[in-house]
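We name chains A, B, ... by the order of the sequence lines, and we start the count at 1 in each one. Nothing here was measured: the structure is a model prediction, and the numbers come from that model.
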Number of protein chains: 2
Amino acid sequence: MDKRSVAEAKRRLASRGHRLTKQRQAILEVLRSSDVHPDADWVYREVRKVLPHVSLGTVYRSLEVLRDAGLIASLEVGPRRRYDGNTSEHQHILCISCGRVADIHLPPSLLEELEQRAASEADFTITGHRVEFYGLCPQCLQKSKAESTE
Amino acid sequence: MDKRSVAEAKRRLASRGHRLTKQRQAILEVLRSSDVHPDADWVYREVRKVLPHVSLGTVYRSLEVLRDAGLIASLEVGPRRRYDGNTSEHQHILCISCGRVADIHLPPSLLEELEQRAASEADFTITGHRVEFYGLCPQCLQKSKAESTE
DNA sequence: GTAGGTGCAAAAACTTTGCATTTAC
DNA sequence: GTAAATGCAAAGTTTTTGCACCTAC
């Protein structure tokens, strides 16, 4: 993680009364250098390669703090909570066969229309949305095709 | 639950090698007569009013079987899995303050456009989507307004 | 009659928490 | 220096499972 990123992370955490510890920095680095959208346990196992004594409790606590500070994002595709080092607005698609998650970028105008429609339907004040897709990734599609022609 | 519904449930379950037990029928009735989008434990407590000896394990197993048979739907807004007796295509909005879930109906054309956009972005074969919103329900909006003017 | 389902209780899976000690600022 | 954070372990919450007995078909 470069100097600028460290400073920015420190700033964002400090604004909420938190600190950038080496554990949190390691978690950030692990998440930002991967695109697997992992769960807490995966992060824990990766961080332990760098900080062997980190605890699972710290990973859970740090993921929450980092997410509240807007430094990472969380998603709930599937049964357990997963995390994403990429906080820019984007959507996900989950492979129903292998569990892999890929990124998708929908046009902001379409998302805006979505929220407007929802707002006019419900009496709610909308603060956010979640748009996810399910399907078969190219590899699993191949596999299922191969199996059906056996 | 009327005769027709029972027959339909029986048919759907039978097609997958399952049976319509009195426990499953009670679970279906509880879900269909409510719009709270409850979790397994709520269903358990409701069903126990009718069948006092039902077990939580049976509720979990039945909810899965009923969902796989298409007789109910599940949603993952929030930390635990919730269920919906209404299986017709619709979306949900979750109140971030009180946890209440309300139904929304987006135009099919908009959802279609969404899937088409996603399909053209990812290499996946899309089989489904999940569109959810977050916000404040009218009651909680009132409350937060009242608090901020205190 | 029999495959599928149930109740019960134990276990698994995931996440949170209390506390003495350490550390970032 | 001190408030925040950590490691460790224990506990909490939600969900799944093994098994002997039951029941829908």
Next on the checklist: Check B:R82 with B:D39, please: is the shortest side-chain N to carboxylate O separation under 4.0 Å?
Outcome noted: no
Checklist entry - Reckon A:H53 has a side-chain N or O less than 4.0 Å from the OP1 or OP2 of D:dT6? => result no
Checklist entry - For A:V54, which contact category applies under a 4.0 Å heavy-atom criterion: base, sugar-phosphate, or nothing? => result sugar-phosphate
Next on the checklist: Return whichever of B:D39 or B:R19 has its heavy-atom-nearest nucleotide of DNA chain D closer to the 5' end.
Outcome noted: B:D39
Item to check | Gap between atoms CZ and P, on A:R24 and C:dC25 respectively (whole Å) | outcome: 10 Å
Item to check | Phosphate-side-chain proximity, B:Q23 and C:dG7, N/O vs OP1/OP2 below 4.0 Å | outcome: yes
Item to check | A:R16 CZ to C:dA24 C1', straight-line distance once rounded to whole Å | outcome: 19 Å
Next on the checklist: What's A:R61 touching, base or sugar-phosphate or nothing? Going by heavy atoms closer than 4.0 Å.
Outcome noted: base
Item to check | Short side-chain N/O contact from A:T58 to OP1 or OP2 of D:dC8, under 4.0 Å | outcome: no
Checklist entry - Across the strands shown, which category fits A:G17 at heavy-atom distances under 4.0 angstrom: base, sugar-phosphate, nothing? => result sugar-phosphate
Checklist entry - If we ignore angles and hydrogens, is there a donor and acceptor under 3.5 Å between the side chains of B:Y83 and B:R67? => result no
Checklist entry - Rounded to whole angstrom units, what separation is found between the CZ atom of A:R81 and the C1' atom of D:dT14? => result 13 Å
Checklist entry - Checking all strands, does A:L20 fall into the base, sugar-phosphate, or nothing category for heavy-atom contacts under 4.0 angstrom? => result sugar-phosphate
Next on the checklist: Does D:dC25 have its OP1 or OP2 closer than 4.0 Å to a side-chain nitrogen or oxygen of B:K10?
Outcome noted: yes
Next on the checklist: Less than 4.5 Å apart, side chain to side chain, heavy atoms only: is that true for B:H92 and B:I104?
Outcome noted: no
Item to check | Residues B:E8 and B:R11 bridged, charged N to O under 4.0 Å | outcome: yes
Checklist entry - Counting just side-chain N and O atoms, does B:S55 come under 4.0 Å of either OP1 or OP2 of C:dT6? => result no
Checklist entry - Are any of A:T21's side-chain N or O atoms less than 4.0 Å away from OP1 or OP2 of D:dT6? => result yes
Next on the checklist: Tell me the interatomic distance from B:K22, atom NZ, to C:dT6, atom P, rounded to whole angstroms.
Outcome noted: 9 Å
Item to check | A:R24 side chain vs A:R19 backbone, donor-acceptor pair below 3.5 Å | outcome: yes
Checklist entry - Rounded to whole angstroms, how far apart are CG on A:L66 and C1' on D:dA5? => result 12 Å
Checklist entry - OP1, OP2 of C:dT16 versus side-chain N and O of A:Y60: anything below 4.0 Å? => result no
